[in-house]
*Asks:* 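Attaching a single structure in structure tokens format; questions to follow.
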Amino acid sequence: MKSERRQSRLGVIGVIGAVLFSVLGLRMWFLQVVDAPNLELKVQANKTRTVRLLPERGRIFDREGRILADNERVLSITIDWNVMRDSTDRAELFARLAPVLDVSITEMEDRYAGPIGADGRRSGSRYSPLLPMPVKEGVGEDVALYLIERNEDFPGVDVSAGWNRQYPYAPLAAHVVGYLGAITKEEASQYRDLGYDLNERVGQFGVEKIYEPYLRGTPGYVKYEVDSRGAILDEIERVEPVAGNDLQLALDLDIQQYAEQALETQLRLRRFVETCQAKDENKLPVKPQFPECQNLKAPAGSVVVMNHSNGEVIALASYPTFDNRWFNSGISGDKFAQIFPKVDDPDKSILVNRAIQGQYNLGSSFKPFVAYAALDAGQLPGGVAYKYFDQGSYTLTSIDEDTCQVVKCVFRNALCGGGNSPCFYGVVTVEDALAVSSDTFFYKIGEQIFSERGGQPILQEEVRKFGFGSKTGIDLPYESAGRVPDKDSKRQLVEDGVLMEGESPNYLVGDNVQLSVGQGLLAATPIQLAQSYGALANGGAVVRPLVAIALLAPGTPDAAIAGVADLSKSEVVLKLNTTNTIRKIELPTEYRDAIVRGLQRVITGPGVDSDRYHATTGERLFASYPYEVLPIAGKTGTAQGAASLPWNDSSAFAAFSLDPNQPYTVSAYLEKSGYGSKAAAPVTKCVFMALANAVKTPAVVPSDPLDLTSTLVAPDRSLPSNRCLGGAAYGGRD
Amino acid sequence: MGLPLLNRRPDSGLGNIRRSGGDPSRNIDWTMLATVGILAIIGVFAIYSATFWKVAGDPYWFTLRQVLFLIVAIVVVVAVMAFDYTFLNERAFFLYGCSLVALVLVLAVGALRGGARLSFDLGPILFQPAEFAKPAVVIVLAAYFSELREETVSYSKFIGGLVLVGVPAVLIILQPDLGSAFVIIIGALAILLMAGARLRYLALISLLTVMTVAAAVVAGIVDRYQLRRIEAFLNQNSDDENLKNLVLQVRFAKRAVATGGWWGKGYLDGPLTNGKFIPVQQSDFIFSAIAEQFGLIGGAIVLILFALLLFRIWRVANLSKDVFGTYLCTGIFGIILWHAFQNIGMTMGIMPVTGVPLPFVSYGGSSLVAFAIMIGLVESVHMRRLR
């Protein structure tokens, strides 16, 4: 390039470059030296603002580490409120975001200003003005990246990471695990005091609720400096959140699943069974105002499997059950109401854990404790050797004949052999009475323990030792205490108008007779049934049932198998199953042996010989049970329902293992499902066969994703084979 | 230039005459390449510091991609260097045509984002034809004006040049990407100045530019958001809610620069840089990240590196054996100078905010490759200056 003029032009260009660079250098120097103090001054005049950083919630495992509650990282797209102030800007931004996020502009406007109310006005946003407004939750990583990369085109749009609760095995153990929900109005002040943000989701049911403080972890925060308009200028302080403790439950999902399947299968089968009223001598129904025959309703039930040596709850099933993922599924309120309808019919209640909240008559399954009471209170002359002549009915002796014209004085055994006469068991001991479930034996105790002791609540005090009438203290919310009826509670019931019109407010001998066979005003939960049978099994220790075994340090790693955590790499922070005995009952071996032998004969026989051979209530059913593998003892119970109609009979059964190496107690309660020996006993038998490894339990696998188009509260489940439910059942009410 | 043989220096070695002193491979401007390399390395570190928190679980997401872009850029530089630039003189219009086609296509079928069609969405990468129009326009103008015998540009020749730069500039304004359009016009102005255009021609171009932009604004092609940037630039202490984000963006950047002190706050210790305050810091506001973390010294080093780079380009413009090479280098000089000035200037509040990246430092593949082409061209001119 040879040209003087070009040389000089190039010089001009070079000079322009030099000038521009000098400007940049000067400006930088100016900013640092001259302007910096001004810019710093602005900082000091600013206020601060704290943004909470939410911790990852602790996970929940079964005893083997299967992950019952997990967390999924979700990315949410948020928009800074400031960029949306101007309506044109907002419309433009929403229009750009809509196709990217697949959210309608209407939806975004609703989030910004609240939905349009009946008066045509918007109700105001439900989101905190302090945090950026979430515009879509649960976007994919790709969408988030797309927006981050194109930040200049989406001013004020940001991605925030949060957690979504997952229940990989749902609906298994839904009533135990529970669910998260919004903080209700009533809880607001309590949670605010604990330092919660009111838009946090908290445990509202199951262990999610009861272990909420441990599972939640400790939130962190970032403190920002903001200018007078609230825009963030600088980060001052950051405290990272601490994840919540993981929780290991005592549940064994294999048994849990099998128990749930057995319960549901049995309830479905029972609905095919027709029951008919007893008939009088003219072959007409005894209660003509009711239909003669009706199918069993079998609407609900529960099963408890508990380790009676340490209280660990191995399984806890309640039906009807639900899929706890519905609570996190983001479905609309209408759809939610469709899935979880509000009903007055207690048979249909779903969000209630019947195993710990159901308050039931226990029927004959209550008799072992009455037997203990009679023995312990010295009500039976000769103790376990006491012999009673069971003629099929018992007439109260403490009431004079005139009164007997008005009140019921004659109590009968259940009817025998399809005929119309009550069973006649002949001479029976305590053991025999339990084995064949003689009612008259216990009617007599019920009367005399009351009338011969001046109306003192001896029976009540004795059975309360086993935990009846008070909460077991299980680590689940909303437990019921149940009721052992006495003077005070009866008066209360009458005052509350719960009982029938004309019922005496006084506790009468008849009430005690009813109590002695587990009927009347007795109310007990299936977990109490398990706890009390467990005390018989372990020699008198009433143990507190516990669903959780241990609190673990946060961050238990996953195992190689999907849906399972590696508990061998976990660190126990707090063992929960240590001192669990609530009280030790004085239970002399002599008494215990008599009671346990009676209960054992329920399973194995023999019954008693009187007018003919009377089998025990479980003998035929359990003939197909592998007793030598896992010996057990148990008792049936049939609780009479409204108007003592047969289709209102509820079925109870409780049994415990006699093998100290497998110390399990199982109780089952099936509402309106017929006799104890026909509904609850087969379920218990199935569960014990599973515990004895006598049946193959189906593998527990993580469930399919929740079908959001479905309106089923939980999918139907059933046992792969009904065989364990089978066996010739005892023919009578026990 | 004279006969190449007479310029030949004695060969080194024993009778090895295969590599002469005029061999292009012995005349690489290593200083220029080293300068660019250092800038790129500074860029990678700055990008990491501004983005490591952005992608959950992957702090290297942006950094890794930038490194991949750099590898591509190195290949491109080497490839372009190996080419004799005079070859381009004959094919300038073909390249230019390709570039125009890409610009038209992007208006028609480009990825629409934020109301603008700037790029083709090619899966993992965004291809921005405007970036490649920059070298293309420089090449075509250099070729066009190098045909000139005279020392000054005639009016008819000027009009031809005006069309050559005007068509792509208008296409880019339509996208709308005012920043890139300005860059091309500045490059053209530099070449025109070099070619000997009268001052009134240059004034005419400036006037036409202003009129075109005004027309685009009136026609509604340039959206409110882009206009606000200029409004915000003019009112940097405005309390206007509508301008707030734009004002804050620059204020944060200014603060980042201002509070760096002599040596900066330390790498990854910049509360503004590492605290999500400055939008698109990895591309538009990368200088603020450097200045906050490495202070006045760090910022000055970047300025000095750019000054050195520009000086080397200017030097090659002077050394070029032919006018075509001189024009090429002048245009590239103008483009890089404007990029650096515009980008650093807006970071410090003396220029309005436009999406113009800082060459070699900012995050972004298209611009990096485009600048690689430009550096390769300058090197090619330098390497072949003796033949």
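Chain letters run A, B, ... following the sequence lines, proteins first and then strands; every chain starts at 1.
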*Asks:* Given side chain to side chain contact (heavy atoms under 4.5 Å, CB included), test A:L24 with B:F306 step by step and report yes or no.
*Replies:* CA-CA 11 Å; A:L24 287 182; B:F306 270 108; over 6 Å; no
*Asks:* Using heavy-atom distances under 4.5 Å, tell me whether B:A195 contacts chain A through its side chain, its backbone, both, or neither.
*Replies:*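 For B:A195, backbone heavy atoms alone lie under 4.5 Å from chain A.
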*Asks:* List the atom of B:W314, the atom of A:L10, and the distance in Å for their closest heavy-atom pair.
*Replies:* NE1-O, 2.8 Å
*Asks:* Tell me, out of B:G299, B:G355, B:G295, who's got the most heavy-atom pairs with chain A below 4.5 Å.
*Replies:* B:G299
*Asks:* Can you tell which part of B:W61 gets under 4.5 Å to a heavy atom of chain A, answering side chain, backbone, both or neither?
*Replies:* side chain
*Asks:* What distance separates A:F21 CZ from B:L337 CG, expressed to the nearest 0.5 Å?
*Replies:*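 Interatomic distance, A:F21 CZ to B:L337 CG, rounded to 0.5 Å: 6.0 Å.
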*Asks:* Chain A heavy atoms under 4.5 Å from B:F287: which part of the residue, side chain, backbone, both or neither?
*Replies:* side chain
*Asks:* Identify the two heavy atoms, one from B:L296 and one from A:M28, that lie closest to each other, and give their separation to 0.1 Å.
*Replies:*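 Scanning both residues, the minimum pair turns out to be O-CE, 3.6 Å.
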*Asks:* Does any N or O in the side chain of A:R27 come within less than 3.5 Å of the main-chain N or O of B:I350, such that one atom is a donor and the other an acceptor?
*Replies:*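 Checking the backbone N and O of B:I350 against the side chain of A:R27, no donor-acceptor pair under 3.5 Å is found.
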*Asks:* Please flag which part of B:L310 lies under 4.5 Å from any non-hydrogen atom of chain A: side chain, backbone, both or neither.
*Replies:*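 The answer is the side chain of B:L310.
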*Asks:* To the nearest 0.5 Å, what is the distance between CD1 (A:I13) and CG (B:N318)?
*Replies:*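 Nearest 0.5 Å value for the CD1-CG distance: 11.0 Å.
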*Asks:* In Å and rounded to the nearest 0.5 Å, what is the CZ to CG distance from A:R6 to B:L193?
*Replies:* 12.5 Å
*Asks:* Which distance, rounded to the nearest 0.5 Å, do you find between the CG of A:L20 and the CD1 of B:I344?
*Replies:* 11.0 Å
